Protein chains: 2
Amino acid sequence: MVTIKEIAELCGVSRGTVDRVLNHRGNVKAEKKELILKVAQEMNYTPNPAGRALAAQKMKPVVAIVMPSKGIGFFDAVIEAMEKAAKSYSMYGLQVEWYISKGYDVEVQCKQLSQLLGKVQAVILMPINDERVSTKIRHLTESGIFVITINNDIENSSRHCYVGTDYFNGGMTAGSLLQMINHGMLNIGITLGSLQILGHAQRLSGFRSALSHNPLAQIMAITEDQDDEMLSYEKNLEMLRKHPDINVIFAASSGGICGACRAIMTCGREKDITVIVFDTLPTTVEMMEKGLIQATIYQHPRRQGQIAMQIVFEYLVNGKKPERELNLLTNEIRIKENINTAL
Amino acid sequence: MVTIKEIAELCGVSRGTVDRVLNHRGNVKAEKKELILKVAQEMNYTPNPAGRALAAQKMKPVVAIVMPSKGIGFFDAVIEAMEKAAKSYSMYGLQVEWYISKGYDVEVQCKQLSQLLGKVQAVILMPINDERVSTKIRHLTESGIFVITINNDIENSSRHCYVGTDYFNGGMTAGSLLQMINHGMLNIGITLGSLQILGHAQRLSGFRSALSHNPLAQIMAITEDQDDEMLSYEKNLEMLRKHPDINVIFAASSGGICGACRAIMTCGREKDITVIVFDTLPTTVEMMEKGLIQATIYQHPRRQGQIAMQIVFEYLVNGKKPERELNLLTNEIRIKENINTAL
DNA sequence: TTGAAAGCGATACCAC
DNA sequence: GTGGTATCGCTTTCAA
């Protein structure tokens with residue numbers, strides 16, 4: 001591995017000069033600069049992360065985590081993984097500020113993002129899919145802040161990258177799986193968090209597309225539960241009573257799955273409804289073990305948090321740009337048998 | 001974060017002394033030693049990996065990779081991931097020696113392991129489940145070599161840890177899934193690599209256990225294909241011809257899946273046999289897209305390689321013991337829709 | 001038994 | 001514009 005020192009010797013300059021060139025800090029004569037760049041290129045120079053980390057720890061860069069996810073069980077795992085990663089990066093000077101709020105409120109999110117200007121070097125954001133939010137994101141990126149969207153993406157923004165799943169594919173996988181395990185007539189009731197969350201809308205399209213050629217399948221009703229268990233219980237109860245012929249529940253919600261299951265139990269329909277959901281909250285695992293839920297689509301919550309934090313770390317501390325814009329985790333199918341994941 | 005320097009100041013000794021205590025290098029008076037250990041404990045000292053890596057890179061530790069997997073497609077991904085990880089660790093001085101051979105031959109594996117004594121500091125091994133191998137492993141660990149089993153474990157050995165899946169669970173998941181997608185009579189033909197590979201035997205038990213309460217299910221025949229596509233084709237063809245009532249193929253093999261599928265096609269049975277397999281080789285993906293294979297159990301080959309290498313790195317370079325003995329990756333269910341994984 | 005010092009790679013800052 | 005130097009945390013070596 002080539003080091004700055006070696007390059008400096010080869011070029012007959014000091015390490016400081018090489019550093020200035022490699023980090024675009026200016027103040028170097030054009031000819032020297034070009035020589036250094038050429039040599040670095042030829043020798044295939046890559047900075048040693050350990051050296052860099054050691055030197056960088058006085059910089060104390062700050063990352064803000066902005067998630068309107070308070071009270072939604074799925075995100076506990078995401079946040080936990082971020083906390084763990086943050087802890088292991090703390091010795092490199094990386095600092096974290098948390099902005100965890102409750103409810104999908106565009107104004108609140110915009111206000112939170114406004115606060116960050118000048119205070120942080122990076123943001124990890126679960127965005128609400130609204131023009132006003134994407135405008136705010138543009139403000140941030142334009143002033144040099146590194147922005148990652150997590151778990152959900154946003155249209156027409158200038159975020160640097162996205163970490164999460166492909167929601168359309170998630171819906172499609174669920175729809176296709178449903179048809180593998182239930183070969184008969186499918187009268188489907190759907191509950192989802194909010195169509196304002198991009199992912200939920202995409203899930204719905206994916207699910208529809210998987211069913212589109214099945215004449216035995218029809219969607220009877222769709223309800224928005226705001227990812228709130230109480231509301232979900234009420235809305236699903238209402239839906240089940242209004243449509244007693246429903247024999248499938250597709251719960252594409254992040255925070256309303258337990259509520260939907262309780263509604264099914266209230267109606268005494270746990271034996272004859274096929275239920276497919278997302279994620280593996282403790283309550284979901286319980287319902288799977290009971291046989292109420294047949295399958296769930298797992299979205300790697302912990303890896304989402306871990307990867308997002310790692311990308312920020314690599315960028316802020318090691319100066320490494322993310323390898324790809326879309327960091328897509330696979331939609332995994334979990335049934336009773338393989339739900340208890342170890343790693 | 002506490003540093004050695006701070007501990008040294010607090011204890012009124014030099015950094016060298018603290019280092020000697022913390023790394024059990026002796027030559028420190030008992031009372032000083034105890035004081036230092038106490039202070040380090042109290043202040044919750046953790047060595048800074050960057051500092052350590054920087055200082056340790058002249059040590060050039062060597063890890064050997066021993067896998068009897070040449071020609072088995074599944075392991076390409078495992079090895080690729082190891083190569084990638086090795087490359088990123090090379091700047092910390094970690095060196096790799098590869099011993100990739102063909103065929104499950106106990107003598108060959110023992111000979112390979114014997115060669116390593118005194119030459120390497122760690123071994124990543126896909127073991128053949130035989131007493132002679134576990135004896136060799138004991139020799140290695142007794143002389144201070146760090147041994148990890150990958151992809152398959154071995155009984156009664158003294159390996160430090162295992163990275164791979166829970167095969168019993170994999171078989172059970174497959175068996176359970178089979179009953180979810182096929183509700184009728186199940187006349188099952190099984191092909192697997194070798195009962196000498198612990199994992200394959202465990203898969204079979206898991207699969208059996210999932211079916212044990214289903215009166216409609218029976219195993220018609222089991223064949224060992226030595227993870228060889230040619231052999232698998234022949235054996236499966238023979239099996240299908242001998243048992244024309246087989247309507248399910250459970251391919252628990254690592255390297256005989258394509259062969260089994262070709263046998264099914266040769267018999268013209270691709271429409272009426274339910275096929276469940278393991279892993280996602282390119283040929284497997286093709287067969288899934290064609291509809292010949294209904295589902296596969298994915299075993300995270302890349303993560304297996306990456307994690308094994310990371311554990312070795314942490315141990316050899318950072319001096320960190322592995323967090324757990326069993327590093328179990330989840331058995332994931334993949335169908336046509338979610339087979340193309342991005343990350 | 002112990003301390004002091006050099007060195008690993010990168011960076012920041014102060015002199016010139 | 002530039003070079004020199006201190007620094008980060010840890011290990012190793014040499015001298016006392």
Side-chain angles (χ1 to χ4, degrees), chain A residues 1-37 40 43-61 88-94 313-314 316-320, chain B residues 1-36 40 43-61 88-94 314 316-320:
Chain A
M1 280 297 126
V2 209
T3 68
I4 279 196
K5 195 178 159 190
E6 291 168 328
I7 295 179
E9 281 166 9
L10 269 171
C11 297
V13 298
S14 77
R15 283 138 61 195
T17 307
V18 176
D19 183 65
R20 253 167 278 142
V21 172
L22 262 25
N23 292 297
H24 317 101
R25 261 187 275 284
N27 286 331
V28 180
K29 249 201 282 190
E31 43 182 311
K32 286 198 180 180
K33 178 174 164 180
E34 285 186 18
L35 174 63
I36 289 168
L37 282 174
M43 308 205 55
N44 208 343
Y45 170 75
T46 344
N48 181 318
R52 199 161 208 162
L54 219 43
Q57 63 189 330
K58 344 172 198 187
M59 292 175 35
K60 304 265 174 199
S88 82
Y89 293 142
S90 70
M91 57 175 52
Y92 300 101
L94 186 65
F313 169 76
E314 296 279 5
L316 251 37
V317 178
N318 287 336
K320 261 215 301 242
Chain B
M1 281 295 127
V2 208
T3 68
I4 279 195
K5 195 177 160 190
E6 291 167 328
I7 295 178
E9 282 166 9
L10 268 171
C11 297
V13 298
S14 77
R15 284 139 64 197
T17 307
V18 176
D19 183 66
R20 253 166 278 142
V21 172
L22 261 25
N23 292 297
H24 316 99
R25 259 188 276 284
N27 287 332
V28 179
K29 249 202 284 189
E31 44 182 311
K32 286 199 180 180
K33 179 174 164 182
E34 284 185 18
L35 174 64
I36 290 169
M43 308 206 54
N44 207 344
Y45 169 76
T46 345
N48 182 316
R52 197 163 210 161
L54 219 41
Q57 65 188 330
K58 345 172 196 184
M59 292 176 32
K60 303 269 176 198
S88 83
Y89 294 142
S90 70
M91 55 175 52
Y92 299 101
L94 186 64
E314 296 279 6
L316 252 35
V317 179
N318 287 337
K320 262 214 300 240

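Source: prediction; values computed, not measured. Every chain is numbered from 1, with letters handed out A, B, ... down the list of sequences.
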Whole-Å gap separating [atom2] ([N]) and [atom1] ([X]):
| X | N | atom1 | atom2 | value |
| --- | --- | --- | --- | --- |
| E9(A) | dG4(D) | CD | P | 12 Å |
| L54(B) | dT7(D) | CG | P | 17 Å |
| R25(A) | dT2(D) | CZ | C1' | 14 Å |
| K5(B) | dA4(C) | NZ | P | 13 Å |
| I4(A) | dG3(D) | CD1 | P | 14 Å |
| I7(A) | dT11(C) | CD1 | C1' | 15 Å |
| L22(B) | dT12(D) | CG | C1' | 15 Å |
| D19(B) | dA6(C) | CG | P | 17 Å |

Task: Polar side-chain atom of E9(B) near backbone of E6(B) as donor-acceptor pair, under 3.5 Å - done: no
Open item on the list: Taking any heavy-atom pair under 4.0 Å as a contact, classify P49(A): base, sugar-phosphate, or nothing.
Closed with: nothing
Task: Most 5' of G12(A) and A50(B) on DNA chain D, judged by nearest nucleotide - done: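 Here G12(A) is the residue nearer the 5' end.
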TODO: On DNA chain D, check which nucleotide each of N48(B) and G16(A) is closest to and give me the residue with the more 5' one.
DONE: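 Result: G16(A).
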Task: V2(A) vs R20(A), nearer the 5' end of DNA chain C by closest nucleotide - done: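 Residue closer to the 5' terminus by nearest nucleotide: V2(A).
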From [options], nucleotide with atom closest to [X] side chain:
| X | options | answer |
| --- | --- | --- |
| R15(A) | dT11(C), dT11(D), dG3(D) | dT11(C) |
| Y45(B) | dG3(C), dC10(D), dG9(C) | dC10(D) |
| A55(B) | dT11(D), dG9(C), dG3(C) | dT11(D) |

If you compare every side-chain N and O of [X] against the phosphate oxygens of [N] (OP1, OP2), does one of them come in below 4.0 Å?
| X | N | value |
| --- | --- | --- |
| R52(B) | dT11(D) | yes |
| T17(A) | dG3(D) | yes |
| N23(A) | dT11(C) | yes |
| K32(A) | dT2(D) | yes |

- [ ] Only pairs at least two apart or in different chains count here, so list each salt bridge (Lys or Arg N to Asp or Glu O under 4.0 Å) that has a residue in residues 23-32 of chain B.
- [x]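 Matches after skipping sequence neighbours: D19(B)-R25(B).
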Open item on the list: Rounded to the nearest 0.5 Å, what separates atom CZ in R52(B) from atom CG in L54(A)?
Closed with: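 CG of L54(A) is found 13.5 Å from CZ of R52(B).
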Task: Step-by-step side-chain contact (heavy atoms from CB on, under 4.5 Å) determination, E34(A) to L37(A) - done: CA-CA 5 Å; E34(A) 285 186 18; L37(A) 282 174; 5.6 Å; no
Task: Audit row: V2(B), I7(B), side-chain contact (heavy atoms from CB on, under 4.5 Å) steps and yes/no - done: CA-CA 7 Å; V2(B) 208; I7(B) 295 178; 4.0 Å; yes
